[in-house]
Visitor: 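I'd like to ask you about the structure that follows.
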Amino acid sequence: MFGCLVAGRLVQAAPQQVAEDKFVFDLPDYENINHVVVFMLGTIPFPEGMGGSVYFCYPDQSGMAVWQLLGFVTNEKPSAIFKISGLKSGKGSQHPFGAMNLPQTPTAAQIGISVELLENLAQQTPVASAAVSSVDSFTEFTQKMLDNFYNFASSFAVTQAQMTPNPSEAFIPANVVLKW
């Protein structure tokens with residue numbers, strides 16, 4: 001019913017079913033994972049009025065499992081990309097996996113999917129830093145390119161006292177670039 005994808009790794013299409021309505025994917029070497037994609041395989045839809053809450057679990061320093069809500073998937077939204085790189089130091093949240101004794105290794109994290117009513121999904125608040133940027137890639141590229149340009153240009157900055165007169169060179173004050 002579900003799949004999980006981490007860049008540079010094989011697709012996981014067979015989660016471990018830990019309860020009738022709960023599924024878990026193991027993520028070994030989770031410290032090197034930035035984003036995770038959770039998707040429906042398209043073979044079995046959710047029952048009418050149901051969807052899946054997606055959770056990220058990692059072991060804290062004492063080895064205890066910390067669960068954080070990332071978001072959800074539904075028949076209308078069958079896939080989602082989640083940023084997990086900044087979550088490894090956050091606080092846990094309420095989750096439906098608490099009473100279960102899931103095997104947890106110190107070097108593996110887990111993605112948990114809990115099948116729940118759509119009404120319940122709408123009331124849940126995911127971890128804010130899990131959402132992937134809503135800025136389109138061209139805008140993000142342009143912002144980064146201009147930051148890079150400014151950093152490059154300002155690395156050649158000299159004071160007026162260091163300037164040597166040269167009529168063939170034009171000087172542009174750095175604050176002009178910043179204003180632009």
Side-chain angles (χ1 to χ4, degrees), residues 1-46 50-118 120-137 139-141 143-144 147-148:
M1 182 172 190
F2 304 108
C4 180
L5 175 66
V6 174
R9 299 184 186 185
L10 294 174
V11 172
Q12 294 184 49
Q16 176 186 359
Q17 189 168 1
V18 294
E20 183 180 337
D21 59 348
K22 293 177 185 35
F23 304 85
V24 175
F25 290 101
D26 287 330
L27 299 176
D29 193 27
Y30 72 95
E31 294 92 354
N32 297 316
I33 299 173
N34 291 321
H35 295 83
V36 99
V37 180
V38 176
F39 57 94
M40 295 178 62
L41 297 174
T43 54
I44 303 170
F46 283 110
M50 303 294 277
S53 293
V54 180
Y55 293 86
F56 174 62
C57 174
Y58 66 95
D60 67 7
Q61 293 161 344
S62 64
M64 297 297 295
V66 177
W67 288 89
Q68 295 178 324
L69 177 65
L70 299 178
F72 60 90
V73 291
T74 64
N75 290 335
E76 292 74 32
K77 182 184 172 249
S79 65
I81 302 172
F82 302 107
K83 181 178 179 182
I84 63 170
S85 59
L87 301 179
K88 297 159 194 149
S89 61
K91 296 174 80 175
S93 60
Q94 287 188 336
H95 59 87
F97 296 91
M100 299 179 188
N101 248 346
L102 299 176
Q104 187 78 29
T105 60
T107 59
Q110 294 176 320
I111 292 291
I113 302 172
S114 175
V115 178
E116 301 174 14
L117 291 170
L118 289 176
N120 295 347
L121 295 180
Q123 296 172 7
Q124 297 174 348
T125 305
V127 176
S129 58
V132 175
S133 173
S134 60
V135 176
D136 69 50
S137 59
T139 303
E140 188 175 358
F141 167 77
Q143 288 171 337
K144 288 182 180 183
D147 285 343
N148 187 294

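In what follows, residues are counted from 1 in the order of the sequence shown. Because only heavy atoms are used, hydrogens play no part in the values below, and waters and symmetry mates are left out as well, while side chains stay in.
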Visitor: For a quick test of reading the model, state the closest non-hydrogen atom pair linking V36 to C4 and the distance between them.
Guide: CG2-SG, 4.0 Å
Visitor: Which value, rounded to the nearest 0.5 Å, describes the distance between L70 atom CG and I113 atom CD1?
Guide: 10.0 Å
Visitor: Please step through side-chain hydrogen bond (donor to acceptor under 3.5 Å, both in side chains) for the pair Q124 and E116, ending with a clear verdict.
Guide: CA-CA 11 Å; Q124 297 174 348; E116 301 174 14; 2.7 Å; yes
Visitor: Would you say the ring centers of Y55 and F82 fall short of 6.0 Å from each other?
Guide: no
Visitor: Any non-hydrogen side-chain atom of Y58 less than 4.5 Å from a side-chain atom of E31?
Guide: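 The answer is no; the side chains never approach within 4.5 Å.
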Visitor: Locate the shortest heavy-atom distance separating L27 from I111; write the atom from each residue and the value.
Guide: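 Minimum heavy-atom contact is CD1-CG1, 3.5 Å.
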Visitor: Within this structure, what is the CD-CZ distance for the pair Q110 and F25, rounded to the nearest 0.5 Å?
Guide: 11.5 Å
Visitor: How far apart are the closest heavy atoms of V73 and V38, and which atoms are they?
Guide: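 Closest approach of V73 to V38: CG1-O, 3.9 Å.
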Visitor: Just how far is it from atom CD1 of I81 to atom CZ of F39, taken to the nearest 0.5 Å?
Guide: 11.5 Å
Visitor: Identify the two heavy atoms, one from F46 and one from G52, that lie closest to each other, and give their separation to 0.1 Å.
Guide: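 Scanning both residues completely, I find the closest heavy atoms to be CZ-N, 3.3 Å.
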Visitor: A side-chain contact here means heavy atoms from C-beta on lying under 4.5 Å apart; do L117 and M50 qualify?
Guide: yes
Visitor: Where is the tightest heavy-atom contact between R9 and P28, given as atom of each residue plus distance?
Guide: NH1-O, 2.7 Å
Visitor: Under the side-chain contact (heavy atoms from CB on, under 4.5 Å) rule, collect the residues that match up with T74, sequence neighbours excluded.
Guide: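 Checked T74 against side-chain contact (heavy atoms from CB on, under 4.5 Å); matches are F72, E76, K77, L118, L121.
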Visitor: Taking all atoms of both residues into account, what is the closest heavy-atom pair of A108 and P59, and its distance?
Guide: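 Heavy atoms of A108 and P59 come nearest at O-CD, 3.5 Å.
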Visitor: Got a second to check how far F56's CZ is from I33's CD1, nearest 0.5 Å?
Guide: 7.0 Å
Visitor: Within this structure, what is the CD-CG distance for the pair Q143 and N148, rounded to the nearest 0.5 Å?
Guide: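 The CD atom of Q143 sits 13.5 Å away from the CG atom of N148.
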